[in-house]
Amino acid sequence: MDNKIYNWGILAPGRIAGKFVDELRHLPNARLLAVGSRDYSRAVSFAQDFGIERVYGSYTDLVGDPDIDIIYIASPHSHHAEHAQLCLNHGKAVLCEKALAINQHEVNQMIETARQNNRLLMEAFFVPHQPSYIEAKRVIESGTLGKIKHINSWFGFNKSPYDINHRLLNRELGGGALLDIGLYCVFDTLWFLGAPTNISAKAHLADTGADQSVTVHFDYSSDTTASLYATFYSAIGFGTDIFCEQGIIRLRRSSAIDQWLEIERMGQPAERFSWPAHLCGMKQEAAEAMRCLENHQLESKIISHQMSLTLIRTLDQIRKLTGIYYPGKD
């Protein structure tokens with residue numbers, strides 16, 4: 001990468017934005033220039049915490065800053081399409097938190113807006129940029145473990161006490177287990193197997209109508225299957241197991257920067273791989289976005305527009321099967 005410094009703006013400072021910025025500031029070619037919030041005092045506090053120079057009390061003012069190269073969007077799912085298009089229409093590249101939007105219709109609009117403005121649009125999905133995923137895919141593509149026969153993926157935590165006013169259970173904000181954590185399980189399966197030929201799914205809905213748990217089964221034409229489970233009921237953490245003809249690949253993490261991989265080949269002891277924090281985490285998606293800017297790409301080759309479309313299309317199918325819907329969006 002060249003010596004160009006890319007100026008970043010942060011739209012919607014919150015918990016996830018804090019995690020992202022904490023990693024971003026360690027990249028030598030990234031400059032934390034500005035933060036914008038509808039709550040000016042919140043933006044001021046965030047800027048003080050992370051040493052950000054410019055503070056804006058509206059998103060319109062943020063995107064109007066001529067010195068910003070790229071904006072990271074961390075608002076609720078329900079507002080991603082609106083905020084991304086605001087940025088793109090003001091000539092800013094966009095790295096937008098997952099899920100890229102609420103449904104495929106919105107993602108289509110975002111991609112079209114990016115193309116019309118000749119600007120980068122990238123979904124901030126950190127997992128495919130991680131060394132554990134890169135190594136897992138390398139091993140699978142090498143053929144040494146044979147074909148994948150089944151994937152089992154899960155993500156869950158115990159959300160208690162029960163609070164119907166929390167964002168996670170607010171359908172108007174895109175709340176629910178599927179879009180918040182279940183999409184990791186869906187992504188992993190799509191990443192290693194592609195789109196399924198058939199989907200079956202069930203969900204348990206909270207009093208608000210938001211999904212508190214989702215169970216999904218994928219079928220493939222090659223007699224390959226996948227089981228996915230996301231829940232706010234149980235502190236099961238995250239895991240993806242890839243069962244191959246000649247062994248098992250296990251992907252695990254306790255955080256974005258603490259991840260490991262186990263490979264167990266038939267008749268051999270398991271091999272465990274881990275990586276230092278500076279090679280892992282959300283910073284890798286930011287580094288990829290800046291590589292795209294350097295190479296004048298409108299999309300990432302790692303998390304392409306097509307990959308984002310396949311993901312949101314699959315999520316829409318699961319929602320249709322389970323009765324999960326978002327008011328004003330479906």
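Excluded from the calculations below are hydrogen atoms, water molecules and symmetry mates; all remaining heavy atoms, backbone and side chain alike, are included.
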- request: With the side chain counted from C-beta on, respond yes when Ile134 and Gln130 share a heavy-atom pair under 4.5 Å apart, and no when they do not.
  value: no
- prompt: Is any side-chain heavy atom of Cys87 less than 4.5 Å from a side-chain heavy atom of Ile73?
  reply: yes
- prompt: In terms of ring plane angle, is the pair Phe20 and Tyr72 parallel, tilted or perpendicular, where the classes change at 30° and 60°?
  reply: parallel
query: What about the rings of His77 and Tyr326, do their centers lie closer together than 6.0 Å?
result: no
query: Hey, what's the ring geometry for Phe192 with Tyr133, parallel, tilted or perpendicular (30° and 60° as the breaks)?
result: parallel
message: Can you confirm whether more than 12 heavy atoms, excluding those of Glu172, are under 6.0 Å from its CD atom?
response: no
message: Tell me whether the rings of Phe50 and Phe46 are parallel (<30°), tilted (30 to 60°) or perpendicular (>60°).
response: tilted
message: Tell me if the aromatic rings of Phe157 and Phe232 count as close, with their centers under 6.0 Å from one another.
response: yes
query: Do other residues, nucleotides or ligands put more than 12 heavy atoms under 6.0 Å from the NZ atom of Lys149?
result: yes
query: In this structure, are over 12 heavy atoms from other groups packed under 6.0 Å from His105 atom NE2?
result: no
field: Within 6.0 Å of NZ in Lys19, more than 12 heavy atoms from elsewhere
entry: no
query: If you measure from the Lys or Arg side-chain nitrogens to the Asp or Glu carboxylate oxygens, is any gap between Asp316 and Arg313 under 4.0 Å?
result: no
message: Please tell me whether Tyr56 and Tyr40 form a close aromatic pair, meaning their ring centres lie under 6.0 Å apart.
response: no
query: Which of these passes side-chain contact (heavy atoms from CB on, under 4.5 Å) with Ile312: Val107, Asn108, Leu183?
result: Val107
